Amino acid sequence: MTEPAIHVTSEIGPLKTVILKRPQAEIENITPDTMEQLLFDDIPYLPIAQAEHDDFAQVLRDHGTKVLYMNELAAQALTDPQIKAAFLRQMLQESGFNKGIVYEQLYDYLLNLSEQAMVDKLIAGVRKKELNMEKLTLRDLAEDRANPFLINPMPNSYFTRDPAAAIGDGLSINHMTFAARQRESLFMQYIIQYNPRFKGQNVPVWRDRNHQSHIEGGDELVLSDHVLAIGLSQRTTASAIEDIAGNLFKNSAYDTVLAISIPHNHAMMHLDTVFTMINYDQFTVHPAILNDNAQLDIYILTPGVNGTINISYRNDLKNVLKEVLHQSSIDLLPTGGGDAVVAPREQWNDGSNTLAIAPGEVVTYDRNYVSNELLRQHGIIVHEVRSSELSRGRGGPRCMSMPIVRDDL
Ligand SMILES: NC(=[NH2+])NCCC[C@H](N)C(=O)O
């Protein structure tokens, strides 16, 4: 039986195929001056980051998951010279160049590379000194003088979770929040249209990247074949949630969206940094998202009459999950055991950001040993991966993976 192009009806169904991106030269193009703008808190040491990432990929393969690499899929989508050129023009435009001498030089330089080299170069970034330009524009001479790059690197591309998300048999291809990441979703748009694996498969796009309001995959959790949870967060706006919900209600089996409000800050940028599903009835939760009564704001969206959306308010997470997932009880596992020091420390290093590869079986970072131990005490099988460098980008195993095929439950 051939595998479907996209099929994800839960967060926990046996993981069949996943898209990753191995960290490459883009990581070495982070400097202390650009770190914050690039959404990093430190500069990872690349050889170790790569070894850790290879280790992560191998754990997935060892458990029956096929690993595809985003940059390779992108290169395979660009074998037609016209498509390659169109992609490059759009990428240059989104990088701030659409005409003039620098645009032309960049265009020639990049188009002459192989598809793979061009994709990798765009992700890595292009330095001014690479072009040997005799003439610079006023912008490059004066305004942008301190920046050694013409095209900024995309070091967050190893967090494949965020630019796009698989929901049911379709995708959301995301308009992302910060300039540092907005170009990343263009790769997925071309992959879905032109990569031989997806081309002609009519993969529905529930929401594309041509929007003003933003949404990111770290906020999009597929709880079942008809229920989603979407974080109302620093990265995902209420109007984007309503927009994708409306389209899913009309065109898919999804009939319930839980919009879960979380603090708007860097440590908790996405819902999956504070809440992930690990089994039919078990979830990780960072205690800081709950108030003293273990409550938080949840807005339940369901289809109304004539394409409208009904919204009801709740604040009892456990009961809501019990109801929508038809479970008799729900086990919420606090990050770091809920300890006042361990919980924020381990959450900072993505202790809640688990990737389920089957019900009750997850991949996590080794450094979050208190959270990992708690998961084991609650019967979860935990595969730990090394995390000293990868964690410096503020993302864990769930952020570093984009599942595209899972078995149904
Ligand atoms: N799904 C996630 N939690 N992704 C984490 C992404 C981290 C990345 N540095 C960013 O700020 O965008």
Side-chain angles (χ1 to χ4, degrees), residues 8 11 18-21 23 26-27 29-31 34-44 49 52-53 56 70 123 152-167 172-185 187-188 209 214-222 228-237 240 260 262-277 283-286 288-289 335 346-356 362-365 368 371 387 389-404:
V8 174
E11 288 289 307
V18 71
I19 299 179
L20 307 184
K21 163 72 175 76
E26 60 279 4
I27 297 295
N29 283 335
I30 302 172
T31 68
T34 59
M35 201 157 71
E36 198 180 323
Q37 181 205 337
L38 292 173
L39 309 169
F40 271 67
D41 297 301
D42 201 351
I43 305 169
E52 290 174 355
H53 195 272
F56 173 54
M70 182 281 273
I123 295 172
N152 289 331
M154 299 184 217
N156 290 291
S157 57
Y158 75 90
F159 299 119
T160 51
R161 178 67 64 164
D162 301 320
I167 301 172
S172 84
I173 303 182
N174 298 331
H175 172 66
M176 302 183 75
T177 307
F178 293 114
R181 301 205 63 182
Q182 282 169 345
R183 291 170 297 159
E184 286 176 39
S185 58
F187 291 106
M188 195 49 69
R209 62 196 292 279
H214 41 89
I215 183 164
E216 299 190 2
D219 281 310
E220 303 176 86
L221 272 61
V222 181
L228 296 177
I230 307 186
L232 195 50
S233 70
Q234 183 195 64
R235 306 294 179 86
T236 294
T237 63
I260 301 181
I262 61 168
H264 288 34
N265 63 42
H266 181 53
M268 305 182 204
M269 70 201 90
H270 296 119
L271 182 60
D272 72 0
T273 65
V274 289
F275 175 76
T276 54
M277 185 175 193
F283 293 80
T284 64
V285 176
H286 180 42
I289 65 168
T335 313
E346 293 204 345
Q347 190 277 333
W348 177 243
N349 288 308
D350 283 280
S352 304
N353 191 261
T354 62
L355 171 66
V362 298
V363 181
T364 62
Y365 277 162
N368 299 312
S371 302
S387 53
E389 300 306 306
L390 292 174
S391 60
R392 296 176 200 264
R394 290 280 81 69
R398 188 182 189 275
C399 317
M400 292 193 296
S401 55
M402 181 199 177
I404 57 169

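Predicted, not measured: the structure shown is a model, and the values here were computed from it. All ligand and atom numbering here is 1-based and tracks the order in the structure. All values below were derived from every heavy atom in this structure, side-chain atoms included, with hydrogens, water molecules and symmetry-related copies excluded.
Residue contacts with ligand 1: Phe40 is placed with no nitrogen or oxygen under 3.5 Å of a nitrogen or oxygen of the ligand (distance criterion only).
In this structure, Ser391 and Tyr365 have side chains that are in contact, with non-hydrogen atoms separated by less than 4.5 Å. Considering only heavy atoms from C-beta on, Phe283 stays 4.5 Å or farther from Glu11 through its side chain. Residues Asp350 and Arg398 have side chains not in contact (no heavy-atom distance under 4.5 Å, counting atoms from C-beta outward). With contacts defined as side-chain heavy-atom distances shorter than 4.5 Å, the pair Leu271/Ile230 does not qualify.
The heavy atom nearest to atom 11 (O) of ligand 1, considering only Arg181, His266, Arg235, is found in Arg235. Within the set Asp162, Thr177, Asn353, the minimum heavy-atom distance to atom 1 (N) of ligand 1 is found for Asp162. Checking Glu216, Arg394, His270, Arg392 against atom 7 (C) of ligand 1, the nearest heavy atom belongs to Arg394.
Using a 4.0 Å cut-off between charged nitrogen and carboxylate oxygen, Asp219 and Arg235 do not count as a salt-bridge pair. Ionic pairing of Lys21 and Glu26 is present here: one or more N-O contacts between side-chain nitrogen and carboxylate oxygen are shorter than 4.0 angstrom.
Using a 4.0 Å cut-off to heavy atoms of Asp272, the atoms of ligand 1 that qualify are 1 (N), 2 (C), 3 (N). Ligand 1 places these atoms under 4.0 Å from at least one heavy atom of Thr273: 3 (N). Every atom of ligand 1 is numbered from 1 in the order shown, and the set under 4.0 Å from a heavy atom of Gly218 is 1 (N). Of all the atoms in ligand 1, the ones that sit under 4.0 Å from a non-hydrogen atom of Asn156 are 8 (C), 9 (N), 10 (C).
Counting heavy atoms under 4.0 Å from ligand 1, residue Leu39 touches it through both backbone and side chain. Of the heavy atoms in Met269, only side-chain atoms (C-beta onward) come closer than 4.0 Å to ligand 1.
Among the candidates Thr335, Thr364, Thr284, the single residue satisfying the side chain to side chain donor-acceptor pair (under 3.5 Å) test with Ser352 is Thr335.
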